[in-house]
Amino acid sequence: MPIFLDQIKNHNLKYRSFLEDKTVAIIGPASSVLFEENGDEIDKYDVLIRINRGSELVDDKKEFVGSRTDVLYNSLDFDPLSGGNLSAIKNSNIKFICCPYSVKEKTFSDKIFEKNDQPSLFSEFSIRFIEDKSYFSAKEKTNSRINSGFGAIIDILNQPVKKVYITGIDFYRSVYCEGYNLNRKWGSDYKKIEEDLEFKI
């Protein structure tokens, strides 16, 4: 792994430069993203960020979630209930894959590195990890390992962006969108969310 640490550091610098003075939309996979057909407005942001398998929602739900993925925050563990297999995005226009955990946390799969004549993911994507200071500060304050969506928010708020819009991240208060993460279910129903968050469906 040490040979990749310089690449990670370099990609962190490139990422900061890439985001400078940009408007950013973070689009999570929660069903609350379906409250409004907001896809056209989301597409107006300079950078669209999705979480784990969120890019898989674009084809069927673009009127709600927008039509592209510029950055993917992915746990890099390849578990279908988490980061998933990245083979589906190999020919995409994703500019960066960001792990929302510190590289020291070792949540990622060794499959990201070259192994058994399989190329490293570093040869296909610009991969970076959230910086240690931000990650471990959040982990200490929450007394927990943060999840991918929260990690993405923390990381983006530490970048030189102009504006951030967040949708589809409600900290498990709703179910996942149909078609995401094997349709794994969490939380409550639409009516409860509408009452709690004062949204109108």
Side-chain angles (χ1 to χ4, degrees), residues 19 23-86 88-89 92 94 96-101 107 130 134-135 138-139 141-159 161 163-201:
L19 290 174
T23 60
V24 175
I26 303 174
I27 307 101
S31 291
S32 54
V33 78
L34 304 179
F35 286 163
E36 292 184 83
E37 291 192 11
N38 205 23
D40 288 343
E41 287 302 311
I42 287 171
D43 277 339
K44 291 177 183 176
Y45 281 77
D46 298 325
V47 179
L48 301 193
I49 293 174
R50 303 193 190 276
I51 313 298
N52 283 325
R53 297 180 60 181
S55 58
E56 297 175 23
L57 295 173
V58 171
D59 288 344
D60 293 334
K61 296 178 173 58
K62 62 179 63 175
E63 67 270 28
F64 298 99
V65 303
S67 62
R68 67 180 200 276
T69 304
D70 301 312
V71 175
L72 183 67
Y73 276 78
N74 189 284
S75 59
L76 299 177
D77 62 6
F78 304 112
D79 185 322
L81 292 178
S82 185
N85 190 327
L86 295 181
I89 64 167
S92 69
I94 291 175
F96 288 89
I97 294 179
C98 304
C99 184
Y101 306 110
T107 58
I130 188 171
S134 298
Y135 176 76
K139 183 177 179 179
K141 288 174 182 175
T142 59
N143 196 29
S144 173
R145 196 187 87 181
I146 60 178
N147 64 30
S148 297
F150 190 26
I153 293 170
I154 290 167
D155 193 34
I156 288 300
L157 292 178
N158 280 291
Q159 305 295 336
V161 298
K163 177 181 178 182
V164 180
Y165 170 80
I166 302 168
T167 185
I169 296 177
D170 57 27
F171 300 93
Y172 304 116
R173 299 185 75 170
S174 72
V175 298
Y176 284 128
C177 287
E178 183 180 353
Y180 176 84
N181 218 346
L182 304 181
N183 211 23
R184 182 177 173 185
K185 304 291 186 183
W186 292 92
S188 55
D189 60 21
Y190 280 137
K191 186 64 180 172
K192 178 64 175 167
I193 301 161
E194 183 184 13
E195 291 169 357
D196 287 349
L197 304 182
E198 299 181 354
F199 276 91
K200 292 183 179 179
I201 299 177

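Keep in mind the model is a prediction, meaning the values are calculated, not measured.
Arg50 places a side-chain N or O within 3.5 Å of a backbone atom of Val65 that can act as its donor or acceptor partner. Judged by distance alone, the side chain of Asp43 and the main-chain N or O of Ser67 form a donor-acceptor pair under 3.5 Å. Looking at Thr167, its side chain never comes within 3.5 Å of a backbone N or O of Ile27 through a donor-acceptor pair.
Using a 4.5 Å cut-off on side-chain heavy atoms (C-beta onward), Tyr73 and Ile26 make no contact. For the pair Val33/Lys61, no side-chain contact is recorded, criterion being any heavy-atom separation below 4.5 Å from C-beta on. Looking at heavy atoms from C-beta onward, Ile156 lies in side-chain contact with Leu19 at the 4.5 angstrom threshold. Under the 4.5 Å side-chain criterion, counting only non-hydrogen atoms from C-beta, Pro100 is not in contact with Tyr135.
Closest approach of Val47 to Arg68, counting heavy atoms only: N-NH2, 4.0 Å. In terms of heavy-atom proximity, Ile154 sits nearest to Ala138 at CD1-CB, 3.3 Å. Closest non-hydrogen pair, Ile42 versus Tyr165, comes out as CG1-CE2, 3.9 Å. The nearest pair of heavy atoms linking Pro29 to Ile51 is CD-CB, 4.4 Å. Between Leu76 and Cys99, the shortest heavy-atom contact is CD1-CB, 3.8 Å.
Listed by chain and residue number, nothing satisfies the side-chain hydrogen bond (donor to acceptor under 3.5 Å, both in side chains) test with Asp60 (two or more places apart in sequence, or in another chain). Qualifying salt bridge (Lys or Arg N to Asp or Glu O under 4.0 Å) partners for Glu41, counting only residues two or more places apart in sequence or in other chains: Lys44. A search for side-chain hydrogen bond (donor to acceptor under 3.5 Å, both in side chains) contacts involving Asp77 returns Ser75, Ser82, not counting sequence neighbours.
In this structure, Ser148 OG and Asp155 CG are separated by 12.0 Å, a value rounded to the nearest 0.5 Å. Interatomic distance, Phe64 CZ to Leu57 CG, rounded to the nearest 0.5 Å: 11.5 Å. In this structure, the separation between CG on Asn74 and SG on Cys98 is 10.0 Å, given to the nearest 0.5 Å. In this structure, the separation between CD1 on Ile146 and NZ on Lys141 is 11.5 Å, given to the nearest 0.5 Å. Distance check, rounded to the nearest 0.5 Å: OG1 of Thr69 to CG of Leu48 gives 7.0 Å.
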Practice problem: Go through the steps to decide whether Val24 and Gln159 satisfy the test side-chain contact (heavy atoms from CB on, under 4.5 Å), and finish with yes or no. | Solution: CA-CA 11 Å; Val24 175; Gln159 305 295 336; over 6 Å; no

